[in-house]
Asks: 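Take this structure, written in C-alpha coordinates, and hold onto it; I'll ask about it next.
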Amino acid sequence: MSRYAYVNGRYLPFRDAKVHIEDRGYQFGDGVYEVCEVRGGRLIDERRHMVRLQRSLDALRIRAPMSPRSLSVVLHEVVRRNRIGYGNVYLQVTRGVARRDHGFPAPQVKPSLVVTARPLNRTRNEALAAKGIAVISVPDDRWGRVDIKTIGLLPNVLARQAAIEQGARDAWFVDKDGYVTEGASTNAWIVTAAGAVVTRPADHGILRGITRTVLFDMIKAQGLWLEERPFTLAEAYAAREAFMTAATQIVLPVVRIDGHAIGDGKPGPVATTLRRDFHLYAEQS
Ligand code: PDD
(Lines give C-alpha, C1' and ligand atoms only; values in the text may rest on other atoms or scores of the structure.)
Protein backbone atom coordinates (compact mmCIF):
# COMPACT_ATOMS: atom_id res chain seq x y z
CA MET A 1 0.00 0.00 0.00
CA SER A 2 1.35 3.47 -0.78
CA ARG A 3 2.23 5.75 2.07
CA TYR A 4 1.82 9.50 2.08
CA ALA A 5 3.32 12.28 4.12
CA TYR A 6 2.36 15.91 4.48
CA VAL A 7 5.32 18.27 3.97
CA ASN A 8 4.92 22.05 4.04
CA GLY A 9 1.58 22.30 2.29
CA ARG A 10 1.67 19.15 0.15
CA TYR A 11 0.62 15.52 0.48
CA LEU A 12 3.44 13.56 -1.10
CA PRO A 13 4.25 9.91 -1.74
CA PHE A 14 6.44 8.84 1.15
CA ARG A 15 9.58 8.38 -0.96
CA ASP A 16 9.30 11.95 -2.31
CA ALA A 17 8.74 13.53 1.10
CA LYS A 18 11.86 15.57 1.83
CA VAL A 19 12.98 18.63 3.76
CA HIS A 20 15.82 21.01 2.94
CA ILE A 21 19.32 20.27 4.29
CA GLU A 22 19.31 23.62 6.07
CA ASP A 23 16.11 22.92 7.97
CA ARG A 24 16.84 23.91 11.56
CA GLY A 25 15.33 20.66 12.79
CA TYR A 26 18.01 18.79 10.88
CA GLN A 27 20.86 21.11 11.88
CA PHE A 28 20.00 22.08 15.46
CA GLY A 29 17.15 19.85 16.64
CA ASP A 30 15.30 23.17 16.67
CA GLY A 31 11.75 21.89 16.66
CA VAL A 32 8.94 20.17 18.52
CA TYR A 33 6.72 17.16 17.87
CA GLU A 34 3.65 15.25 18.93
CA VAL A 35 2.52 11.65 18.54
CA CYS A 36 -1.18 10.71 18.73
CA GLU A 37 -2.60 7.23 18.86
CA VAL A 38 -4.98 6.29 16.03
CA ARG A 39 -7.72 3.78 16.77
CA GLY A 40 -10.58 2.88 14.49
CA GLY A 41 -9.23 5.58 12.18
CA ARG A 42 -9.82 8.25 14.84
CA LEU A 43 -7.31 10.35 16.74
CA ILE A 44 -7.05 9.76 20.47
CA ASP A 45 -6.79 12.85 22.68
CA GLU A 46 -6.04 15.14 19.74
CA ARG A 47 -7.26 18.19 21.66
CA ARG A 48 -4.84 17.66 24.54
CA HIS A 49 -1.94 16.88 22.20
CA MET A 50 -2.62 20.13 20.32
CA VAL A 51 -2.70 22.13 23.56
CA ARG A 52 0.68 20.65 24.50
CA LEU A 53 2.03 21.35 21.00
CA GLN A 54 1.13 25.01 21.38
CA ARG A 55 2.81 25.06 24.79
CA SER A 56 6.02 23.58 23.30
CA LEU A 57 5.94 26.07 20.40
CA ASP A 58 5.46 28.96 22.82
CA ALA A 59 8.32 27.75 25.02
CA LEU A 60 10.70 27.76 22.04
CA ARG A 61 9.13 30.85 20.42
CA ILE A 62 8.34 29.02 17.18
CA ARG A 63 5.29 30.29 15.29
CA ALA A 64 2.40 27.83 14.79
CA PRO A 65 2.60 26.72 11.14
CA MET A 66 -1.20 26.95 10.71
CA SER A 67 -4.39 27.31 12.74
CA PRO A 68 -5.42 24.46 15.05
CA ARG A 69 -8.43 23.79 12.82
CA SER A 70 -6.30 23.45 9.67
CA LEU A 71 -3.78 21.31 11.51
CA SER A 72 -6.58 18.98 12.59
CA VAL A 73 -7.67 18.65 8.94
CA VAL A 74 -4.11 17.74 7.92
CA LEU A 75 -3.74 15.16 10.70
CA HIS A 76 -7.01 13.44 9.77
CA GLU A 77 -6.17 13.61 6.06
CA VAL A 78 -2.79 11.93 6.58
CA VAL A 79 -4.48 9.19 8.62
CA ARG A 80 -7.15 8.78 5.92
CA ARG A 81 -4.73 8.71 2.97
CA ASN A 82 -2.59 6.11 4.70
CA ARG A 83 -5.70 4.09 5.67
CA ILE A 84 -4.59 3.81 9.27
CA GLY A 85 -7.05 1.90 11.43
CA TYR A 86 -4.72 1.22 14.33
CA GLY A 87 -1.41 3.07 14.57
CA ASN A 88 -0.17 6.57 15.18
CA VAL A 89 0.24 9.95 13.59
CA TYR A 90 3.44 11.98 14.04
CA LEU A 91 3.77 15.70 13.53
CA GLN A 92 6.89 17.82 13.67
CA VAL A 93 7.26 21.58 13.53
CA THR A 94 10.70 23.15 13.17
CA ARG A 95 11.82 26.75 13.08
CA GLY A 96 12.18 26.48 9.30
CA VAL A 97 14.91 26.66 6.68
CA ALA A 98 17.64 29.30 6.94
CA ARG A 99 21.40 29.71 6.50
CA ARG A 100 23.08 27.95 9.41
CA ASP A 101 23.38 30.39 12.32
CA HIS A 102 22.56 29.67 15.94
CA GLY A 103 20.44 32.79 16.45
CA PHE A 104 16.84 32.77 15.26
CA PRO A 105 16.36 33.38 11.52
CA ALA A 106 14.50 36.43 10.15
CA PRO A 107 10.85 36.56 11.22
CA GLN A 108 9.58 35.89 7.69
CA VAL A 109 11.17 32.40 7.70
CA LYS A 110 8.23 30.02 7.88
CA PRO A 111 8.22 27.10 10.28
CA SER A 112 8.32 23.66 8.63
CA LEU A 113 5.52 21.17 9.22
CA VAL A 114 5.78 17.46 8.53
CA VAL A 115 3.06 14.90 9.30
CA THR A 116 3.38 11.14 8.86
CA ALA A 117 1.25 8.21 9.98
CA ARG A 118 1.92 4.55 10.33
CA PRO A 119 0.01 1.40 11.19
CA LEU A 120 0.94 -0.69 14.22
CA ASN A 121 0.49 -4.40 14.70
CA ARG A 122 -2.22 -4.70 17.31
CA THR A 123 -1.80 -8.43 17.90
CA ARG A 124 1.90 -7.94 18.54
CA ASN A 125 1.28 -5.02 20.90
CA GLU A 126 -1.32 -6.93 22.89
CA ALA A 127 1.04 -9.91 23.15
CA LEU A 128 3.78 -7.60 24.45
CA ALA A 129 1.44 -6.09 27.04
CA ALA A 130 0.26 -9.55 28.15
CA LYS A 131 3.87 -10.59 28.77
CA GLY A 132 5.21 -7.31 30.11
CA ILE A 133 8.62 -5.83 29.35
CA ALA A 134 12.04 -5.47 30.95
CA VAL A 135 13.63 -2.06 31.49
CA ILE A 136 17.07 -0.93 32.63
CA SER A 137 17.87 2.24 34.54
CA VAL A 138 20.24 4.90 33.20
CA PRO A 139 21.42 8.22 34.65
CA ASP A 140 19.23 11.12 33.57
CA ASP A 141 21.72 13.40 31.85
CA ARG A 142 19.20 15.41 29.84
CA TRP A 143 18.81 19.20 29.81
CA GLY A 144 16.59 20.94 32.36
CA ARG A 145 13.55 21.51 30.13
CA VAL A 146 12.44 18.01 29.20
CA ASP A 147 8.87 19.20 29.83
CA ILE A 148 9.08 20.72 26.33
CA LYS A 149 8.47 18.08 23.68
CA THR A 150 11.45 18.90 21.47
CA ILE A 151 12.88 16.74 18.71
CA GLY A 152 16.29 16.91 20.46
CA LEU A 153 16.18 13.35 21.79
CA LEU A 154 19.79 12.19 21.77
CA PRO A 155 19.92 11.04 25.44
CA ASN A 156 16.64 9.20 24.88
CA VAL A 157 18.06 7.51 21.79
CA LEU A 158 21.20 6.43 23.67
CA ALA A 159 19.13 5.19 26.62
CA ARG A 160 16.86 3.08 24.41
CA GLN A 161 19.86 1.65 22.57
CA ALA A 162 21.59 0.77 25.87
CA ALA A 163 18.41 -1.09 26.87
CA ILE A 164 18.32 -3.02 23.61
CA GLU A 165 21.99 -3.94 23.94
CA GLN A 166 21.29 -5.30 27.44
CA GLY A 167 18.35 -7.41 26.26
CA ALA A 168 15.71 -5.05 27.69
CA ARG A 169 13.01 -3.17 25.87
CA ASP A 170 13.34 0.29 27.36
CA ALA A 171 15.20 2.47 29.83
CA TRP A 172 14.08 4.49 32.84
CA PHE A 173 16.02 7.66 33.63
CA VAL A 174 17.15 8.15 37.22
CA ASP A 175 18.07 11.62 38.53
CA LYS A 176 21.16 12.42 40.65
CA ASP A 177 19.15 11.91 43.87
CA GLY A 178 18.18 8.35 42.91
CA TYR A 179 14.62 9.13 41.83
CA VAL A 180 13.14 7.73 38.64
CA THR A 181 12.15 10.54 36.27
CA GLU A 182 10.59 8.83 33.23
CA GLY A 183 11.24 6.39 30.39
CA ALA A 184 13.07 7.17 27.14
CA SER A 185 9.70 7.92 25.51
CA THR A 186 7.21 7.13 28.26
CA ASN A 187 6.14 8.14 31.77
CA ALA A 188 7.05 5.75 34.59
CA TRP A 189 4.71 4.41 37.29
CA ILE A 190 4.73 1.93 40.16
CA VAL A 191 2.11 0.38 42.43
CA THR A 192 3.42 0.07 46.00
CA ALA A 193 2.90 -2.94 48.25
CA ALA A 194 0.25 -0.87 50.06
CA GLY A 195 -1.59 -0.30 46.77
CA ALA A 196 -0.75 3.33 45.99
CA VAL A 197 -0.35 4.14 42.31
CA VAL A 198 2.70 6.43 42.18
CA THR A 199 4.11 8.66 39.46
CA ARG A 200 6.42 11.65 39.54
CA PRO A 201 4.96 15.19 39.55
CA ALA A 202 5.11 16.89 36.16
CA ASP A 203 7.63 19.63 36.95
CA HIS A 204 10.44 20.44 34.52
CA GLY A 205 11.94 16.97 35.14
CA ILE A 206 9.52 14.99 32.95
CA LEU A 207 7.20 15.43 30.02
CA ARG A 208 3.61 15.84 31.16
CA GLY A 209 2.29 12.85 29.19
CA ILE A 210 -1.22 13.05 27.79
CA THR A 211 -1.71 9.36 28.58
CA ARG A 212 -0.59 10.15 32.13
CA THR A 213 -3.19 12.93 32.41
CA VAL A 214 -5.98 10.63 31.22
CA LEU A 215 -4.80 7.98 33.69
CA PHE A 216 -5.20 10.49 36.53
CA ASP A 217 -8.88 10.85 35.61
CA MET A 218 -9.28 7.08 35.42
CA ILE A 219 -7.52 6.38 38.69
CA LYS A 220 -9.73 8.87 40.50
CA ALA A 221 -12.90 7.58 38.80
CA GLN A 222 -12.02 3.98 39.68
CA GLY A 223 -11.41 4.85 43.32
CA LEU A 224 -7.74 3.87 43.19
CA TRP A 225 -5.21 5.58 45.41
CA LEU A 226 -3.01 8.03 43.46
CA GLU A 227 0.22 9.47 44.82
CA GLU A 228 1.91 12.09 42.62
CA ARG A 229 5.40 12.07 44.11
CA PRO A 230 8.93 11.06 43.13
CA PHE A 231 9.88 7.41 43.76
CA THR A 232 13.34 5.88 44.01
CA LEU A 233 14.78 3.05 42.00
CA ALA A 234 14.89 0.95 45.21
CA GLU A 235 11.16 1.56 45.68
CA ALA A 236 10.56 0.50 42.09
CA TYR A 237 12.48 -2.77 42.60
CA ALA A 238 10.27 -3.52 45.63
CA ALA A 239 6.99 -2.45 43.97
CA ARG A 240 4.03 -4.74 43.50
CA GLU A 241 3.67 -3.55 39.91
CA ALA A 242 5.39 -1.20 37.51
CA PHE A 243 4.23 0.16 34.19
CA MET A 244 4.79 2.93 31.69
CA THR A 245 2.50 5.12 29.64
CA ALA A 246 2.68 6.84 26.25
CA ALA A 247 0.45 7.48 23.26
CA THR A 248 2.31 4.74 21.38
CA GLN A 249 1.73 2.03 23.99
CA ILE A 250 -1.03 3.31 26.28
CA VAL A 251 -0.27 1.32 29.44
CA LEU A 252 2.55 -1.20 29.19
CA PRO A 253 3.39 -3.42 32.19
CA VAL A 254 7.03 -3.52 33.29
CA VAL A 255 7.91 -6.88 34.85
CA ARG A 256 11.68 -6.51 35.30
CA ILE A 257 13.87 -3.55 36.21
CA ASP A 258 17.66 -3.99 36.06
CA GLY A 259 17.08 -7.74 36.25
CA HIS A 260 14.88 -7.55 39.41
CA ALA A 261 11.48 -9.21 38.96
CA ILE A 262 8.69 -6.79 39.87
CA GLY A 263 6.00 -8.42 42.04
CA ASP A 264 5.59 -11.97 40.78
CA GLY A 265 7.28 -11.06 37.49
CA LYS A 266 4.00 -10.88 35.59
CA PRO A 267 1.77 -7.96 34.57
CA GLY A 268 -0.33 -6.98 37.57
CA PRO A 269 -4.07 -6.26 37.87
CA VAL A 270 -3.77 -2.46 38.16
CA ALA A 271 -1.77 -2.02 34.94
CA THR A 272 -3.89 -4.58 33.13
CA THR A 273 -7.15 -2.87 34.12
CA LEU A 274 -5.86 0.61 33.29
CA ARG A 275 -4.78 -0.62 29.86
CA ARG A 276 -8.11 -2.37 29.23
CA ASP A 277 -10.27 0.63 30.20
CA PHE A 278 -8.10 3.49 28.92
CA HIS A 279 -10.22 4.32 25.87
CA LEU A 280 -13.35 4.74 27.97
CA TYR A 281 -11.67 7.85 29.37
CA ALA A 282 -9.73 9.16 26.36
CA GLU A 283 -11.24 11.56 23.81
CA GLN A 284 -11.67 10.50 20.15
CA SER A 285 -11.90 12.79 17.15
N1 PDD B 1 6.79 9.96 23.56
N2 PDD B 1 7.97 11.08 28.32
C3 PDD B 1 8.69 11.20 27.18
C4 PDD B 1 10.14 11.55 27.27
C5 PDD B 1 8.07 11.00 25.94
O6 PDD B 1 8.78 11.15 24.81
C7 PDD B 1 6.69 10.64 25.89
C8 PDD B 1 5.97 10.43 24.59
C9 PDD B 1 5.99 10.51 27.10
C10 PDD B 1 4.53 10.16 27.15
O11 PDD B 1 3.73 11.19 26.64
P12 PDD B 1 2.30 10.89 26.00
O13 PDD B 1 1.51 10.10 26.99
O14 PDD B 1 1.73 12.22 25.76
O15 PDD B 1 2.54 10.12 24.72
C16 PDD B 1 6.66 10.76 28.29
C17 PDD B 1 6.26 9.76 22.21
C18 PDD B 1 5.13 8.81 22.16
C19 PDD B 1 7.43 9.41 21.29
O20 PDD B 1 8.46 10.05 21.45
O21 PDD B 1 7.29 8.55 20.44
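Counting starts at 1 for both ligands and their atoms, following the listed order. Everything numeric in this text was worked out from a predicted model, so none of it was measured.
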Asks: Below 4.0 Å from any atom of ligand 1, is there a heavy atom belonging to Y90?
Replies: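 The answer is no: ligand 1 sits nowhere under 4.0 Å from a heavy atom of Y90.
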Asks: Taking only Lys NZ, Arg NE, NH1 and NH2, and the carboxylate oxygens of Asp or Glu, determine whether D23 and K18 approach each other closer than 4.0 Å.
Replies: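 Salt bridge flag = no for K18 with D23.
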Asks: Run the contact test for R48 against ligand 1 with a 4.0 Å cut-off on heavy atoms, strictly below, and give the result.
Replies: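 False for this residue.
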Asks: E182 heavy atoms, cut-off 4.0 Å: which ligand 1 atoms fall inside?
Replies: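 Going through ligand 1 atom by atom, the ones under 4.0 Å from E182 are 2 (N), 3 (C), 4 (C), 16 (C).
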Asks: Under 4.0 Å, heavy atoms only, figure out whether ligand 1 is touched by the backbone of I206, its side chain, both or neither.
Replies: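 Neither part.
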Asks: When you compare ligand 1 with N156, is there at least one nitrogen or oxygen pair between them that comes in under 3.5 angstrom?
Replies: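 No; the residue has no nitrogen or oxygen that sits under 3.5 Å from a nitrogen or oxygen of the ligand.
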Asks: Considering both backbone and side-chain atoms of T211, is one of its nitrogen or oxygen atoms within less than 3.5 Å of a nitrogen or oxygen in ligand 1?
Replies: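 Yes: some nitrogen or oxygen of T211 is under 3.5 Å from one in ligand 1.
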Asks: Counting from 1, what ligand 1 atoms have a heavy atom of H49 closer than 4.0 Å?
Replies: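 That gives atoms 14 (O) of ligand 1.
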Asks: If we only count N/O pairs under 3.5 Å, is K149 in contact with ligand 1?
Replies: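 Yes.
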Asks: Would you say Q249 contacts ligand 1, with heavy atoms under 4.0 Å as the rule?
Replies: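 No, Q249 has no heavy atom closer than 4.0 Å to ligand 1.
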Asks: Do M244 and V35 sit in one hydrophobic cluster, given that two such residues count as connected whenever their side-chain heavy atoms are within less than 4.5 Å of each other, even indirectly?
Replies: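 Result: no, two separate clusters.
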Asks: Under the salt bridge (Lys or Arg N to Asp or Glu O under 4.0 Å) rule, what pairs show up with a residue in residues 135-162, not counting sequence neighbours?
Replies: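 Non-adjacent pairs meeting salt bridge (Lys or Arg N to Asp or Glu O under 4.0 Å): R55-D147, D140-R142, R142-E182, R145-D147, R160-D170.
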Asks: Could you check whether any side-chain N or O of Y26 sits under 3.5 Å from a backbone N or O of G29, counting only pairs where one atom can act as donor and the other as acceptor?
Replies: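 The answer is no, because no donor-acceptor pair under 3.5 Å joins these two groups.
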Asks: Taking non-hydrogen atoms only, is V35 closer than 4.0 angstrom to ligand 1 via side chain, backbone, both or neither?
Replies: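 For V35, the contact with ligand 1 is made by the side chain alone.
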Asks: For T245 and ligand 1, does the shortest N/O to N/O distance drop below 3.5 Å?
Replies: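 In fact, backbone or side chain, T245 has no N or O that close.
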Asks: Check if R52 has a non-hydrogen atom at a distance under 4.0 Å from any atom of ligand 1.
Replies: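 R52: in contact with ligand 1 (<4.0 Å).
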Asks: Below 4.0 angstrom from a heavy atom of N187, which ligand 1 atoms are there? Numbered from 1 as shown, please.
Replies: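 Numbered from 1, ligand 1 contributes 10 (C), 16 (C).
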Asks: What atoms of ligand 1 come within less than 4.0 Å of a heavy atom belonging to A247?
Replies: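 What qualifies from ligand 1 is 12 (P), 13 (O), 15 (O).
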Asks: Hey, which atoms in ligand 1 end up nearer than 4.0 Å to a heavy atom of T248?
Replies: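 Per the distance check, 18 (C).
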Asks: Could you check whether any side-chain N or O of T211 sits under 3.5 Å from a backbone N or O of A247, counting only pairs where one atom can act as donor and the other as acceptor?
Replies: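 Yes; judged by distance alone, with no hydrogens or angles, the pair exists.
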Asks: Going by salt bridge (charged side-chain N to carboxylate O under 4.0 Å, His left out), name the residues that satisfy it together with R63, two or more places apart in sequence or in a different chain.
Replies: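 By the salt bridge (charged side-chain N to carboxylate O under 4.0 Å, His left out) rule, R63 matches no residue at all.
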Asks: Using a 4.0 Å heavy-atom cut-off, which part of T186 comes near ligand 1: side chain, backbone, both, or neither?
Replies: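 The answer is the backbone of T186.
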Asks: Around atom CZ of R240, are there more than 12 heavy atoms of other residues, nucleotides or ligands at under 6.0 Å?
Replies: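 Yes.
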Asks: With no hydrogens and no angle check, is any side-chain donor or acceptor of T181 less than 3.5 Å from a backbone partner on F173?
Replies: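 Present.
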Asks: Can you see whether Y237 engages E235 through a side-chain donor-acceptor pair at a distance of less than 3.5 angstrom?
Replies: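 The answer is no; no qualifying pair exists.
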Asks: May I ask you to check whether Y11 and Y4 place their ring centers less than 6.0 Å from one another?
Replies: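 No, the ring centres sit 6.0 Å or more apart.
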Asks: Please report which non-hydrogen protein atom sits nearest to atom 20 (O) of ligand 1, along with the residue it belongs to and the distance in Å to one decimal place.
Replies: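 So the nearest neighbour among protein heavy atoms is Y33 OH, 2.6 Å.
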Asks: Using a strict threshold of under 4.0 Å (side-chain N to carboxylate O), is an ion pair present between E228 and R212?
Replies: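 Yes.
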Asks: Is there any N or O on A184 that sits under 3.5 Å from an N or O of ligand 1?
Replies: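 The answer is no, given that A184 and ligand 1 share no N or O pair closer than 3.5 Å.
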Asks: Run the ring-centre check on Y179 versus F231 and record whether the distance is less than 6.0 Å.
Replies: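 Between Y179 and F231, the centre distance exceeds or equals 6.0 Å.
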Asks: Is a salt bridge present between R256 and D264, judged by a nitrogen-to-oxygen distance below 4.0 Å?
Replies: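 No, this pair does not count.
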Asks: Please write down residue, atom name and distance for the protein heavy atom closest to atom 7 (C) of ligand 1.
Replies: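 Checking every protein heavy atom, the shortest distance to atom 7 (C) of ligand 1 gives S185 O, 3.2 Å.
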Asks: How far is atom 12 (P) of ligand 1 from its nearest protein heavy atom, and which residue and atom name does that atom have?
Replies: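 The answer is I210 N, 3.5 Å.
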Asks: With heavy atoms of G209 as the reference, note each atom of ligand 1 found under 4.0 Å away.
Replies: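 Those of ligand 1 that fall under 4.0 Å from G209 are 11 (O), 12 (P), 13 (O), 14 (O).
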